[in-house]
Amino acid sequence: MRKTRYAVAAMAAAAALTLSACGADSGSDSAESGDAETIRIGIKFDQPGLGFAEAGDYAGFDVDVAKYVANELGYGEDQIEWIETPSAQRENMLENDQVDMIFATYSITDTRKEKVSFAGPYFIAGQDLLVRSDSDITGPEDLNGKTLCSVTGSTSAQKVKDGIANDVNLVEQPSYAECVTAMQGGSIDAVTTDDIILAGLASTDANKGQFKVVGNTFSEEKYGVGIQKGSDKCEDINAAIEKMIEDGAWEEAIKKNTEGADYTFNAELNPPAMDACA
Ligand code: GLU
């Protein structure tokens with residue numbers, strides 16, 4: 001009944017909403033979706049291989065894990081509303097109820113846990129450096145006197161501030177793609193964030209051959225599913241991720257989304273075991 005009423009209201013309000021409401025009737029075979037017709041999922045829009053938006057299409061490993069989990073929670077693909085969640089806005093967007101779940105290379109940290117909760121992890125990456133192909137930078141120890149780009153609100157920028165080199169000039173941008181553009185322009189010597197993000201950026205047609213990932217990681221980034229603090233969804237999300245790992249879809253997704261990138265995931269850490277829900 002509720003769905004029918006919603007569909008009628010939506011038809012009057014907006015064609016797009018009508019479409020998703022119709023999808024809800026035909027595609028939902030689970031009672032777990034409750035009374036919500038759509039689920040709002042936060043992803044990155046400009047991280048190739050992880051979360052990437054192009055012409056209304058959303059692709060990447062984060063997107064694939066999100067779709068799998070959403071499906072297990074009772075939401076078909078046509079019930080997902082994809083929302084861009086830049087690094088610096090993730091906690092806020094959960095706190096302000098602008099998204100229901102975030103799959104956006106979102107590291108689980110104690111500081112973030114003061115504001116949000118996490119399910120997962122569904123992947124473990126490591127912080128690394130992206131440099132020009134002819135660069136002789138081989139790790140953080142070579143960064144003194146250099147200009148390094150990272151993203152505001154990321155653990156990557158925080159780690160630089162905490163001191164990975166004594167004399168490094170940190171430039172912060174809203175996203176990693178903007179850091180890469182700055183490096184192309186010559187004003188930046190290196191970009192730092194998680195290895196899998198850097199590998200994806202280096203592998204695009206526009207960037208191929210210009211940059212290399214150093215391959216010398218100096219952190220462990222456990223990608224969690226960001227949810228509202230105290231949310232009761234954590235156990236169900238963890239069960240969904242475990243199912244994705246067990247049935248082979250996780251491995252298929254990671255392979256598909258890193259194909260063509262110079263990246264091999266750390267098989268000692270991946271696929272990860274779930275943390276206990278708080
Ligand atoms: N995983 C790190 C973080 O959550 C870096 C990547 C990102 O900014 O999304 O901050």
Side-chain angles (χ1 to χ4, degrees), residues 41-53 58-66 82-95 98-99 101-130 140 148-162 164 170-183 188 190-202 213-214 216-227 229 241 254 257-258 261 263 265-266 269-270 272 275:
I41 301 185
I43 55 166
K44 296 294 182 70
F45 276 12
D46 63 354
Q47 292 182 187
L50 289 151
F52 198 75
Y58 303 91
F61 180 65
D62 284 344
V63 170
D64 286 341
V65 179
W82 300 104
I83 295 173
E84 185 174 22
T85 48
S87 295
Q89 292 173 36
R90 291 173 293 199
E91 289 86 73
N92 277 346
M93 290 181 75
L94 280 169
E95 286 184 307
Q98 289 168 271
V99 286
M101 304 195 281
I102 291 184
F103 294 75
T105 60
Y106 197 10
S107 298
I108 300 171
T109 72
D110 288 340
T111 311
R112 289 172 178 165
K113 276 192 204 166
E114 288 169 15
K115 296 180 169 175
V116 302
S117 293
F118 289 98
Y122 60 90
F123 191 72
I124 302 182
Q127 186 168 352
D128 207 330
L129 300 170
L130 182 74
L148 182 60
C149 189
S150 197
V151 165
T152 310
S154 67
T155 55
S156 323
Q158 189 57 48
K159 192 140 191 112
V160 178
K161 290 176 193 165
D162 291 347
I164 54 169
L170 175 67
V171 171
E172 291 183 64
Q173 291 285 337
S175 83
Y176 302 104
E178 285 158 285
C179 281
V180 172
T181 306
M183 189 154 67
I188 300 293
V191 179
T192 188
T193 187
D194 308 335
D195 50 2
I196 189 168
I197 300 174
L198 297 173
L201 286 164
V213 182
V214 163
N216 184 359
T217 55
F218 46 92
S219 78
E220 234 177 63
E221 306 296 323
K222 291 162 78 176
Y223 288 179
V225 182
I227 47 182
K229 195 164 170 64
I241 297 169
I254 196 76
N257 290 300
T258 54
Y263 185 73
F265 68 83
N266 184 333
L269 301 176
N270 290 288
D275 285 352

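Nothing here was measured: the structure is a model prediction, and the numbers come from that model. Read the numbers this way: they start at 1 and go in the same order the structure lists the ligands and their atoms.
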Problem - Ligand-side contact atoms (ligand 1) for residue partner Y106, heavy atom cut-off under 4.0 Å - result: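 The list of qualifying atoms is 4 (O).
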[X] to ligand 1, any heavy atom closer than 4.0 Å:
X	result
Q158	no
R112	yes
R90	yes
T193	yes

Exercise for the section: Please assess E221 against S219 for the test side-chain hydrogen bond (donor to acceptor under 3.5 Å, both in side chains), listing each intermediate value before the final yes or no. Expected result: CA-CA 6 Å; E221 306 296 323; S219 78; 2.6 Å; yes
Residue-level breakdown please: for [X] versus ligand 1, do any non-hydrogen atoms fall below 4.0 Å on the side chain, on the backbone, on both, or on neither?
X	answer
V151	neither
A125	neither
T105	both

Problem - Candidates Y122, Y223, F118, F123 - the one meeting ring-ring contact (aromatic ring centres under 6.0 Å, His included) with Y106 - result: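 Exactly one candidate clears the test, F118.
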Problem - For T109, all residues meeting side chain to side chain donor-acceptor pair (under 3.5 Å), sequence neighbours excluded - result: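 T109: no side chain to side chain donor-acceptor pair (under 3.5 Å) contacts found.
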Ignoring angles and geometry beyond distance, decide whether [X] reaches within less than 3.5 Å of ligand 1 through its nitrogen or oxygen atoms.
X	value
S87	yes
S156	no
Q47	no

Exercise for the section: Starting from atom 3 (C) of ligand 1, find the nearest protein heavy-atom neighbour and note its residue, name and distance. Expected result: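 The protein heavy atom lying closest is T155 OG1, 3.4 Å.
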Exercise for the section: Among all protein heavy atoms, pick the one closest to atom 6 (C) of ligand 1 and tell me residue, atom and distance. Expected result: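 Checking every protein heavy atom, the shortest distance to atom 6 (C) of ligand 1 gives Y176 OH, 3.3 Å.
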Practice task
Locate the shortest heavy-atom distance separating N216 from D128; write the atom from each residue and the value.
Solution key: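 Heavy atoms only, the tightest pair is N-OD2, 3.2 Å.
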Practice task
Check step by step if side chain to side chain contact (heavy atoms under 4.5 Å, CB included) holds for Y58 and F45.
Solution key: CA-CA 8 Å; Y58 303 91; F45 276 12; 3.8 Å; yes
Exercise for the section: Only counting residues at least two apart or in another chain, list the ones meeting salt bridge (Lys or Arg N to Asp or Glu O under 4.0 Å) with K161. Expected result: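 Listed in chain order: E172.
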Exercise for the section: Say whether, by atom type as modelled, one donor and one acceptor occur between the side chain of R90 and the main chain of A104 under 3.5 angstrom. Expected result: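 Present.
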Handout entry: K44 and E84 ion-paired at < 4.0 Å
Key =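 A salt bridge is absent here (no side-chain N lies under 4.0 Å from a carboxylate O).
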